[in-house]
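Structure first, commentary second.
Order of listing sets the numbers, starting from 1, for every ligand and every atom in it. None of these values were measured; they are calculated from a predicted model.
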Amino acid sequence: MKLTIVAATGGIGRQALEQAVAAGHDVTAVVRNPGNLSRAVRAVAVDPAALEPAVAGADAVLSGLGPRSSAEAGVASRGTRAIVAAMRATGVRRIVVVSAAPISTVPAPGRPKPPRHDPGDGFLMRNLLSPLTKAALRKPYADLALMEDVLRDSGLDWTVLRPPRLTDKPPTGTYRTAYGQNLRRGLLVSRADVAHLMLRVLEQPETIKQTIGIAN
Ligand SMILES: NC(=O)c1ccc[n+]([C@@H]2O[C@H](COP(=O)([O-])OP(=O)(O)OC[C@H]3O[C@@H](n4cnc5c(N)ncnc54)[C@H](OP(=O)(O)O)[C@@H]3O)[C@@H](O)[C@H]2O)c1
């Protein structure tokens with residue numbers, strides 16, 4: 001496939017790049033620092049003017065875009081809005097992005113009354129871990145919730161992955177997934193396995209317009 005990977009120098013982005021190249025896909029990387037790429041692939045700067053040529057002709061766009069720090073919160077929704085505009089302008093339809101497990105219960109303008117609890121979360125997650133993380137990461141989570149709004153309104157063939165805490169462990173390919181909800185006792189997943197799922201869903205049309213929980 002011809003793939004455009006946005007933020008291919010990030011934790012998940014780098015894994016997606018490695019796995020995509022290893023699988024023989026033709027990759028264009030959209031990055032702010034091409035010098036940080038782990039592979040010699042076609043690199044395009046993160047610049048609205050460069051986005052259209054970067055996605056034109058792609059079978060799919062994968063994005064691992066997200067804030068490196070709370071100060072950068074806003075980049076996920078802003079960047080995704082720009083990617084969506086470039087995809088619509090060039091007729092590219094398939095996009096897979098990374099959100100986060102607690103976002104199912106985070107309000108956004110397009111989803112002002114989300115469920116109070118995620119049906120996949122157990123007692124501890126509902127009553128302790130999820131409220132604590134949501135308080136600590138209020139801005140980045142509002143950004144991710146808005147990013148999900150942007151995709152729901154895009155008319156594109158999107159898939160949103162919602163992982164819990166990310167690790168740098170090697171890929172297993174044996175992670176659990178669930179449509180529209182988190183995984184019971186699913187506290188961790190590796191960036192490599194999230195990248196694996198990003199590529200896997202491209203072969204699964206039933207994942208279009210779905211949010212997918214993933215965890216060990
Ligand atoms: N950390 C967790 O445990 C966790 C859990 C669940 C979900 N998430 C979500 O998953 C996302 C991906 O995780 P990750 O570990 O792969 O994150 P990461 O390593 O921080 O990667 C973020 C990527 O976004 C890029 N980026 C950030 N701001 C940018 C800007 N203004 N312009 C252009 N590119 C920008 C970064 O570019 P550079 O490489 O140039 O810095 C990097 O490639 C996170 O951002 C978060 O939203 C994280």
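In this structure Arg93 satisfies the salt bridge (charged side-chain N to carboxylate O under 4.0 Å, His left out) test together with Asp157, sequence neighbours excluded. The salt bridge (charged side-chain N to carboxylate O under 4.0 Å, His left out) search around Arg39 returns Glu18, not counting sequence neighbours.
Taking a heavy-atom cut-off of under 4.0 Å, ligand 1 is surrounded by Ala7, Thr9, Gly10, Gly11, Ile12, Arg32, Asn33, Val46, Gly64, Leu65, Gly66, Pro67, Arg68, Glu72, Val75, Val98, Ser99, Ala100, Leu144, Pro163, Pro164, Arg165, Leu166, Arg191.
Pairs passing the side chain to side chain donor-acceptor pair (under 3.5 Å) check and including a residue from residues 105-114, sequence neighbours excluded, read Thr105-Lys134.
Under the 3.5 Å distance criterion, with hydrogens and angles disregarded, a donor-acceptor pair is assigned to the side chains of Arg42 and Thr28. Residues Thr159 and Arg94 have side chains that bring a donor and an acceptor to within less than 3.5 angstrom of each other.
Checked by atom type and distance alone, the side chain of Thr207 pairs as donor or acceptor with a backbone atom of Val201 at under 3.5 Å.
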